[in-house]
Asks: 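Quick one: the structure is below, and I'll ask about it shortly.
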Protein chains: 2
Amino acid sequence: MTTNKYDSIYQELAKKIDQGIVKAEDILPSENELSLQYETSRETVRKALNLLAQNGYIQKIRGKGSVVLNVEKMRFPVSGLVSFKELSKTLGRRTCTKVHEFGLIHPDPYLCKQLKAEPDDEIWRIIRSREINGEHVILDKDYIYRKCVPMLTQEICENSIYEYIEDELGMKIGFAQKEFVVEACTDEDEKYLDRNGFDHIVVVRNFVFLEDATLFQYTESRHRLDKFRFVDFARRGR
Amino acid sequence: MTTNKYDSIYQELAKKIDQGIVKAEDILPSENELSLQYETSRETVRKALNLLAQNGYIQKIRGKGSVVLNVEKMRFPVSGLVSFKELSKTLGRRTCTKVHEFGLIHPDPYLCKQLKAEPDDEIWRIIRSREINGEHVILDKDYIYRKCVPMLTQEICENSIYEYIEDELGMKIGFAQKEFVVEACTDEDEKYLDRNGFDHIVVVRNFVFLEDATLFQYTESRHRLDKFRFVDFARRGR
DNA sequence: GAGTGGTCTAGACCACTGG
DNA sequence: CAGTGGTCTAGACCACTCG
């Protein structure tokens, strides 16, 4: 699959846990045993196990072993860098994306600050609403550096921008910083969303960086109160 | 400080970045150089650098080096397993905790489900409100297994339960799972909080596990909409 | 080409849990 | 006590960036 030995071990074990071949409370084979099974060194096995631990699959307990966690909910893939398309797959609901505005702009002062951009930079601006079970409950406002993504079409935006960037352009997302707050609804929310009487909205501000640490996108994702849910898995000192 | 070599290297470098001795965009000494400086192996240095990367201090770029991230905001220590006491330290505002209810109970059906407890288990129940700048804006409802924490006093709850558990009892928190949603205010919110007209509230449900993977606490933290903020730093594939 | 980080190895010693 | 995971070492080869 992948070219990494530790990553393929991780994938394989994760799959076994996902499929219930190994169950919660079970104890994985010891690191020594696994290094024999996979014909690799113990350190390589440990990298795979650490990945499993970081992703909430197991808890390593000294002197005992690696316990599989009972995690139907635990590994809800909403945390971290998940795109709407991946998300809707997990939700398994009828979802649909509508592109309302699409084009190139020069950033206003607010956007200059958010994107650390210059006033004459070219920025893609995309306004989309997300429909879940027939209701428009999420408004996404995306701003992307043109110097990072030279071309973009309305069709790509209707599908998945991330898929295009990662699969087509071969760029790699490095990390992201999200901020969650609740704010009063704006006229824009009013215009594009089914407000359903709510006068506040959950705002997720997302700064996305590439592997070489350049900021390439700022997104404001506005969720209707009753449709917002976020799950986070955290380890001490991660 | 700590007994770990890689952890003390991590602490030292993190401190240098926090204090601005190394600035954003700077490149750290290479892994080979650091292993000479600290008289250790390269793998040990790499563990320290990976910790820095996971915590948003640096981005490692192959062929170039470890770039220090510009992260006044990036490392906002709200993500993950942070207690209110640690939080208020960072916020630097006038904060105060008031204990409204405190005692031992047997769990009702809802709590049995959340804590995976039996009806005759003994559970500590603590209801506290958090005051920030003179307003009660957070309501914390804590439920803790007595079999994990045999003794607890009102004084401890006024200070910090985590501090007591970790420092006094020497127990170690392993991991936690949080869920964020927005719900309608309850009578309890009404009773203990300064609602300020808001009829909805941000609810953070938190399941805390010890190092040996036992669930020992369930907390419901209810934040007034306008005072809620959450920051998350995420890396691809964590 | 020299230097960087990414992967991998085959050892070693330690601290901890269990019977 | 034997077995577990946690730390650490001193090498090796690779893919990548930059001048």
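All chains are named by letter (A, B, ...) in the order of the sequence lines, taking the proteins before the strands, and each is independently numbered beginning at 1. Note that these values count all heavy atoms, side chains included, but never hydrogens, waters or copies made by symmetry.
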Asks: So, is B/Thr40 near the phosphate of D/dT9, with a side-chain N or O under 4.0 Å from OP1 or OP2?
Replies: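 So the side-chain polar atoms of B/Thr40 do come within 4.0 Å of the phosphate oxygens OP1 or OP2 of D/dT9, strictly under.
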Asks: Could you check how far CD1 of B/Ile9 sits from C1' of D/dT9, rounded to whole Å?
Replies: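 For the pair B/Ile9 CD1 and D/dT9 C1', the rounded distance is 13 Å.
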Asks: Ignoring hydrogens and angles, does a donor from either the side chain of B/Glu211 or the base of C/dC16 sit under 3.5 Å from an acceptor on the other?
Replies: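 Donor-acceptor pair under 3.5 Å: no.
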Asks: Take atom CG of A/Leu51 and atom P of D/dG5, then tell me their distance rounded to the nearest Å.
Replies: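 Checked: the CG to P distance equals 16 Å.
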Asks: So which of A/Arg62, A/Lys47, A/Arg42 actually passes salt bridge (Lys or Arg N to Asp or Glu O under 4.0 Å) with A/Glu31?
Replies: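 Output: one option passes, namely A/Arg42.
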Asks: Within this structure, what is the CD1-to-C1' distance between B/Ile27 and D/dT17, rounded to whole angstrom?
Replies: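 Rounded to whole Å, this separation is 11 Å.
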Asks: Ring-plane angle category for B/Tyr218 and B/Phe207, please: parallel below 30°, perpendicular beyond 60°, tilted otherwise.
Replies: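 Taking B/Phe207 first and then B/Tyr218, their aromatic rings sit tilted (interplane angle of 30° to 60°).
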Asks: Given D/dT7, D/dG5, C/dC8, which nucleotide is nearest the side-chain atoms of A/Ser41?
Replies: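 The listed nucleotide nearest to A/Ser41's side chain is C/dC8.
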Asks: Please check if the side chain of B/Thr44 supplies one atom and the backbone of B/Thr40 the other of a donor-acceptor pair under 3.5 Å.
Replies: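 Not confirmed, B/Thr44 side chain does not pair with B/Thr40 backbone.
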Asks: Taking only side-chain N and O atoms of A/Tyr6, does any of them lie within less than 4.0 angstrom of OP1 or OP2 on C/dT7?
Replies: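 For C/dT7, OP1 or OP2 has a side-chain N or O of A/Tyr6 closer than 4.0 Å.
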Asks: Reckon B/Lys5 has a side-chain N or O less than 4.0 Å from the OP1 or OP2 of D/dT9?
Replies: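 B/Lys5 to D/dT9 OP1/OP2: side-chain N or O found under 4.0 Å.
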Asks: Using whole Å, report how far CD of A/Glu39 lies from P of C/dC8.
Replies: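 In whole Å, C/dC8 P and A/Glu39 CD are 14 Å from each other.
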Asks: Give the nucleotide from the list C/dT7, D/dC8, C/dC13 with an atom nearest to the side chain of A/Arg42.
Replies: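 Looking only at heavy atoms from C-beta outward on A/Arg42, the closest nucleotide is C/dC13.
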Asks: As an exercise, state the distance from OG1 of B/Thr219 to CD of B/Gln114, rounded to the nearest 0.5 Å.
Replies: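 Atom-to-atom, B/Thr219:OG1 and B/Gln114:CD are 11.0 Å apart.
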Asks: Rounded off to whole Å, could you give me the CD1-to-C1' distance for the A/Ile58 and D/dT4 pair?
Replies: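 After rounding, the gap between these two atoms is 13 Å.
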Asks: Taking only side-chain nitrogens and oxygens of A/Ser30, does any of them come within less than 4.0 Å of OP1 or OP2 of D/dT4?
Replies: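 So the side chain of A/Ser30 is within the cut-off, an N or O lying under 4.0 Å from OP1 or OP2 of D/dT4.
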Asks: For the pair made of NZ in A/Lys47 and C1' in C/dC8, what is the distance, rounded to whole Å?
Replies: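 After rounding, the gap between these two atoms is 7 Å.
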Asks: Under 4.0 Å: is that the gap between some side-chain N or O of A/Lys60 and OP1 or OP2 of D/dG6?
Replies: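 Affirmative; the distance criterion is met.
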Asks: Do any side-chain nitrogens or oxygens of B/Thr44 fall under 4.0 Å of OP1 or OP2 in D/dT7?
Replies: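 Negative; the distance criterion is not met.
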Asks: Want to settle it: does B/Arg46 or A/Lys64 sit nearer the 5' end of DNA chain C, counting the closest nucleotide to each?
Replies: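 Its nucleotide being nearer the 5' end, the pick is B/Arg46.
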Asks: Students often mix this up, so state it plainly: with edges at 30° and 60°, are the rings of B/Phe230 and B/Phe180 parallel, tilted or perpendicular?
Replies: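 Tilted: the ring planes of B/Phe230 and B/Phe180 meet at 30° to 60°.
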Asks: Consider the side chain of B/Glu31, meaning its heavy atoms from C-beta on, and name the nucleotide among D/dG5, D/dT9, C/dG6 that approaches it most closely.
Replies: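 Looking only at heavy atoms from C-beta outward on B/Glu31, the closest nucleotide is C/dG6.
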Asks: Looking at B/Arg125 and B/Asp142, does any basic side-chain N land under 4.0 Å from a carboxylate oxygen?
Replies: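 Salt bridge flag = no for B/Asp142 with B/Arg125.
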Asks: Tell whether B/Arg62 reaches the base of C/dG3 with its side chain through a donor-acceptor pair below 3.5 angstrom.
Replies: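 Answer no: no donor N or O sits under 3.5 Å from an acceptor.
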Asks: NA contact type, A/Leu49, heavy-atom cut-off 4.0 Å: base, sugar-phosphate, or nothing?
Replies: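 The residue A/Leu49 makes no contact with any strand.
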Asks: D/dT4 P sits how many Å from A/Asn32 CG, rounded?
Replies: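 After rounding, the gap between these two atoms is 6 Å.
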Asks: Specify the separation, in whole Å, of atom CG of B/Leu36 and atom C1' of C/dG3.
Replies: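 Whole-Å distance recorded here is 14 Å.
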